[in-house]
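Hydrogens, waters and symmetry mates are skipped; everything else that's a heavy atom, side chains included, is used. Numbers here are sequence positions counted from 1.
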Amino acid sequence: MLFFLVCSLLTMNNSLIAQTSSKDTGIIVYGSHRDEGPEMIDSTYFITRTGCKSMLVVPIPPYPKHYDSVRALVIHQPTKPVTLPVITPQHKPFLVVHGNVMYDFYYQSNADTPYLEKEIYQHTVQTSLEVTVRDRYPVRVAFTTMRGNSYLFRDLTGANMQYTNRDFKNILLQNAQQWDAGQLKQWKELEELKLRIAARLKEINRLKSWKSGPSALQQLIEEREKKLYGKIKDSASLHTTVPDSLGRLTALKDKADSLSRKVKDTYDANAARLDSLQKELAHWEALYNEKRQLLGARKQQLMDVLRKSRNNKELADSLEAMHLPDSVLPRGFRTLLAVRSVGIGRTLVDYSELTAKNISITGVQAEYNPSYYVAFATGAVDYRFRDFVVNDNRVRQYLNMVRVGTGMKEGNNVILSFYTGKKQVYNFNTSAGGATTEAPDYKIMGVSLEGRWQINKNNYIIGEAAKSSMPYYKRTDHGQGLGASMVSMSDHSNEAFAVSAVSFVPLTGTRFSGMFKRMGANFQSFSLYATGSAQSAWMIKADQPLFKQQLTLTWSIRQNVYTSVFENASYRSNTVFKSIQATFRRKKWPVVSLGYFPSSQLMKLSDDKYIENLFYTLAGTASYFYEYRGISMNTIFSGTRFYNHQTDSGFVYFNSTNLLLNQTVFLGKFTVNGGLSSATNQDYAVYGADGSLQYRVSSWLELGGGLKYNYQTTYHLQQTGYTANAKVNIPKIGEIALMGDKGFVPGVNKQLVPNKTGRLTYTKIF
C-alpha cells in the first residue's frame, strides 16, 4: 500500500525534474516548471521510480515553482575584499602658454583723413601670450611693432610683461569651479563611505534574493505539505529510510525535522542580519549625504568669497580661514593677492587725478596693497599713445613716482605721493618779459595727499590736495630751485585740489558719480597738459535702469574736463558739454540705442600745429536678430547727425545726416549681406548701395565678394566699387586672410575720389 501511496504522490508531481550538485562556490539548483503559480514541493526528499517496482530517494533543497523555463540560482558566492582605488596625481607642466600671433600688411592708395597722402603701407607684428606657471601663477606678455611709410602714422614698438591680481583671482575662480569632493582632504573618508555603502548594498541584495528564494519559503512549504499530505505523509515518513554516507539507514522524518530546524534558524539569522544592515546602510547614507552637502556648501562659500570680497585683504583672510587644499589655494596666495599689478615694458600708470592718470610709460610700475599701500613707477613717458596718427617729434619726457599710504585702495585709505621727472611745457615761449632767449627747463616736481572715505558699501568720497614746482620761467624770476619752489608757502598758484564721489541707490538701481577740481595757474603734473591759467573742471554723471533693467539711461554734464595734448598752453573752456544715452534691451525684441554727445575732429593747421574741433553728434542704432521660416537673419538700422559747420571742419560731411540700413541672411554655408546708405546736407547728397556674398566652402576655406555703388547729386557722378576676400585655415599653421577693396573717400571740391585698400593677415591661435 505504501508503494501505491508513493506512486500517487509521484503522479501529483510528475512534471518535476530536479538535479543537484554540490560545488565549492555553493549549491546550484535547476528546475522546470509550468505556469501554475508558486506551487511548493517537499523540501527534504524526492522519490522517483527507476523501474516498475524500484525507487530512488534523492535529497533536494526547497524552491518554489514560478516560471515555465529552465533557470539557475546561485545560492552563495564568496565576497571580494573592499579596497580603496589608487589615485594617480595628474602631471602638470611647469609652463602653459596660450595666446596668438598676428602679422598684418595694410595698403591704402589714399589716406581717409583731411590730409593728402598716397600709396601708404604699414606692417604690423603683434603677439599676446597668457603664461601660467605651475598652473597657478599667471603672467601676460605682449609685443607690438608697426612700421610704415606714412608721415602721419608714426612707427611704434612696444613690449610688456604684466602680472595682475585680477588674473590670479580668475585662476582661483577656475579652480573653485572644478573643485569637487575628490580633490579634498576628506576624499579618503568619503570614498571609504561610498565603498562601505556599496558593499552593504550588495550583501542586502543577496539576503533579499535569499529571502524571496527557496529558503525563505520553507515554512510555507511545510504548512502546505501538512495540508496536502496530513497524517499520510507522517506515516510514510516513519517507514521510509535512506542510506547515509556510511551506508546506514536513517529515518527520513528525523532528517527532515533536522533540516527544517536548520533552515528556520538560518532564515531567522539572515532576517536579523538584513534588518541590521538596512539600519547601518541608512546611517551611512545619511552621513555621506551630510558630508557631501557640507563640501558642496564649502564650494559655494568659496565661489561667493571670490566674487563678493570687497578687497584683497578680506579675500585673503576668508580663504585662509577655509583651510583649502593646495590644489585650490597655492602657497603665497596672500602675497599674490596683495600685489595689485606689476608691469615691465610699455605699461600704464593710473594713480590719481592730480599726479599721473592714464599715462603710458616704457619702464616699470608696481602696486602692493596688503593692509598698507606702496606703489612706484619709473620710465619714459609717451603721451602720443592717445593718438598715434600725428607723427610729430616731441621732447623726451620721463616720470619717477613713489606712493606710500595706509589702508586698502578699495576702502578707507590715506596715500602720500611724490613725483618728479621731465615734462614738456607747451607754453615754453611764454616768459616774464614776453620772450625767451634760453632753452626751457622741462623738469617738474610735486607732492600730493589723497584720502578715500568709504561711507558704506554703496557710497564713497575721494579727496586730494597737491602742490608742484613752479614753471621754469617763474623759478628764474624768483631765483628758486625746483624743490624750493615746491615747498614755498608764500605762493598758492602752484596748488590744486580735487574731490570726487560715487553713490549707488540699491532701491532704484541708480548710480551717481561726480568730480570737481581746481588747478592754479602754475600747477604742473603729468595729468595736466596745459599750464599758464587757473582752471576749474567739474563733471556729474548718472546711470538709471528702468523697466526691470530693460532700459538704461545715461546722462552727464561737464565743463573743462576734456583734455588733449593738442590744446594750447593757456587753453581754458567755459563751454558746458551735455550728453545723454538710452539703451533698450528686451528678449526677442530689437536692441535700440540713442545718444546725444560731443565728438571731436583733429585738423592740421601747419607742420607743427594741430587743432581739435568739438561738436555735438546725435546717433541712433537698432539691431534685431531673428528667424523667419527657419532662416536666421539680422537687421541693423543706424542714423547719425553731425552738428558741425563748414568753418569748423575740413570734413566733407559737415552738418550732415547719415542713414544706413543693413540686412544679413544666414543660409547654411552662405551668408548674404546687403545695405543702403545716404549722406545729405544743404549742399549735396550721396546715396549708396552694396551687396556681398560669403561662402564657407569647407571648414578650412571661406570665400567672399561683393559690389558697391555710389551716386553723388552735386556732380551727378555714378561710381562703382568692389570688395573681395578669402580666408584659409591651415591645420597647425594658422589662418591666412586676404582682402581687396575699392571704395571712395572725401576729396577736394566736395567730390569722392577712388581709394583702393588691400590687406594680408596671418593669425595663429594656440
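I171 is not listed as a side-chain neighbour of Y137, based on a closest heavy-atom distance of 4.5 Å or more. Two residues are said to be in side-chain contact when any heavy atoms from C-beta on lie closer than 4.5 Å; T757 and K742 fail this criterion. At least one side-chain heavy atom of F670 sits less than 4.5 Å from a side-chain heavy atom of L693. Using a 4.5 Å cut-off on side-chain heavy atoms (C-beta onward), I361 and I359 make contact. Considering only heavy atoms from C-beta on, N160 stays 4.5 Å or farther from F143 through its side chain. The shortest side-chain heavy-atom distance between L701 and K727 does not fall under the 4.5 Å cut-off. Contact annotation: the side chain of Q365 approaches that of S341 to within less than 4.5 Å [non-hydrogen atoms, C-beta and beyond]. Within the 4.5 Å cutoff, side-chain heavy atoms of F766 are placed close to those of V97.
Between the side chains of Q694 and N725, a donor-acceptor pair is found at a separation under 3.5 Å. At a cut-off of 3.5 Å, with distance as the only test, no side-chain donor of S678 or T680 sits close to an acceptor on the other residue.
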Stepwise side chain to side chain donor-acceptor pair (under 3.5 Å) check, E119 with Y107: CA-CA 7 Å; E119 306 300 325; Y107 165 80; 2.5 Å; yes
In sequence, state the C-alpha distance, the side-chain angles, and the governing distance for D543 and T554, and then conclude on side chain to side chain donor-acceptor pair (under 3.5 Å). CA-CA 5 Å; D543 298 279; T554 301; 2.8 Å; yes
Candidate pair R558 and W538, rule side chain to side chain contact (heavy atoms under 4.5 Å, CB included), full reasoning: CA-CA 6 Å; R558 55 189 171 88; W538 56 270; 5.6 Å; no
Would I631 and V665 satisfy side chain to side chain contact (heavy atoms under 4.5 Å, CB included), going step by step from the backbone distance to the final call? CA-CA 7 Å; I631 300 176; V665 181; 3.6 Å; yes
Run the numbers on L618 and Y643 for side chain to side chain contact (heavy atoms under 4.5 Å, CB included), then give the verdict. CA-CA 8 Å; L618 176 66; Y643 293 95; 3.8 Å; yes
Where do N634 and S623 land on the side chain to side chain contact (heavy atoms under 4.5 Å, CB included) test, with the steps shown first? CA-CA 7 Å; N634 187 65; S623 176; 3.8 Å; yes
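Nearest approach of Y684 to S656, heavy atoms of both residues: OH-CB, 4.5 Å. Listed here is the closest heavy atom pair of N459 and N456: ND2-OD1, 2.8 Å. Taking each heavy atom of T347 and G343 in turn, the nearest pair found is OG1-CA, 4.1 Å. Contact detail for A582 and L553: the closest heavy-atom pair is CB-CD2, 3.3 Å. Scanning all heavy atoms of the two residues, the minimum distance from Y163 to P138 falls at CD1-O, 3.1 Å. Of all heavy-atom pairs spanning E353 and A498, the tightest one is CG-CB, 4.3 Å.
From S513, atom OG reaches atom CZ of F504 across 13.0 Å, with rounding to the nearest 0.5 Å. Separating the OG atom in S632 from the OH atom in Y626 is a distance of 10.5 Å, to the nearest 0.5 Å. Separation of atoms CZ (R511) and OG (S503) is listed at 9.0 Å; rounding is to 0.5 Å. The CD1 atom of I730 sits 10.0 Å away from atom NZ of K764, with the distance rounded to the nearest 0.5 Å. Within the model, atoms CZ of F625 and NZ of K588 stand 13.5 Å from one another, a figure rounded to the nearest 0.5 Å. Rounding to the nearest 0.5 Å places CG of L348 at 10.5 Å from CZ of R346.
Between F105 and H123, the angle of the ring planes lies from 30° to 60°, which puts this pair in the tilted group. The aromatic rings of H716 and Y711 lie tilted to each other, with the angle between the two planes from 30° to 60°.
Judged purely by atom type and a 3.5 angstrom limit, N165 uses its side chain to pair as donor or acceptor with the backbone of L337. A donor-acceptor distance shorter than 3.5 angstrom exists from the side chain of T713 to the backbone of A685, with no hydrogens or angles considered. A donor-acceptor contact shorter than 3.5 Å is absent between the side chain of S150 and the backbone of I120. In this structure, the side chain of S556 does not engage the main chain of K541 through any donor-acceptor pair within 3.5 Å.
Here T144 pairs with nothing under the side chain to side chain donor-acceptor pair (under 3.5 Å) rule; sequence neighbours left out. Evaluation of the side chain to side chain contact (heavy atoms under 4.5 Å, CB included) rule for R696 yields K669, E702 as partners, not counting sequence neighbours. The side chain to side chain donor-acceptor pair (under 3.5 Å) check on Y121 picks up nothing, with sequence neighbours excluded. Considering only residues two or more places apart in sequence or on other chains, T720 meets the side chain to side chain contact (heavy atoms under 4.5 Å, CB included) condition with Y709. Among residues two or more places apart in sequence or in another chain, the salt bridge (Lys or Arg N to Asp or Glu O under 4.0 Å) test is passed with R641 by none. Take T664 and apply the side chain to side chain donor-acceptor pair (under 3.5 Å) test, not counting sequence neighbours, and it matches N662, N673. Residues passing the side chain to side chain donor-acceptor pair (under 3.5 Å) test with Y695, sequence neighbours excluded: none. Taking R147 as the reference, T145, D155, T157 meet the side chain to side chain contact (heavy atoms under 4.5 Å, CB included) condition, with sequence neighbours excluded. Remark: E735 pairs with no residue by the salt bridge (Lys or Arg N to Asp or Glu O under 4.0 Å) rule, at least two apart or across chains. For F547, the side chain to side chain contact (heavy atoms under 4.5 Å, CB included) criterion is met by Q550, L551, not counting sequence neighbours. Remark: D135 pairs with K92 by the salt bridge (Lys or Arg N to Asp or Glu O under 4.0 Å) rule, at least two apart or across chains.
Side-chain rings of Y616 and F597 stay apart, their centers remaining 6.0 Å or farther from each other.
Using a cutoff of 4.0 Å between basic side-chain nitrogens and carboxylate oxygens, D104 and R759 are scored as salt-bridged. The pair E410-R452 fails the salt-bridge criterion, with no side-chain N (NZ, NE, NH1 or NH2) lying under 4.0 Å from an Asp/Glu carboxylate O.
Heavy atoms from other residues, nucleotides or ligands lying under 6.0 Å from CE of M102 number more than 12. When the shell of 6.0 Å around CD of Q682 is examined, it contains more than 12 heavy atoms from other residues, nucleotides or ligands. Around OH of Y687, the count of heavy atoms belonging to other residues, nucleotides or ligands within 6.0 Å does not exceed 12.
For the salt bridge (charged side-chain N to carboxylate O under 4.0 Å, His left out) condition, the pairs that include at least one residue of residues 157-169, sequence neighbours left out, are R140-D167.
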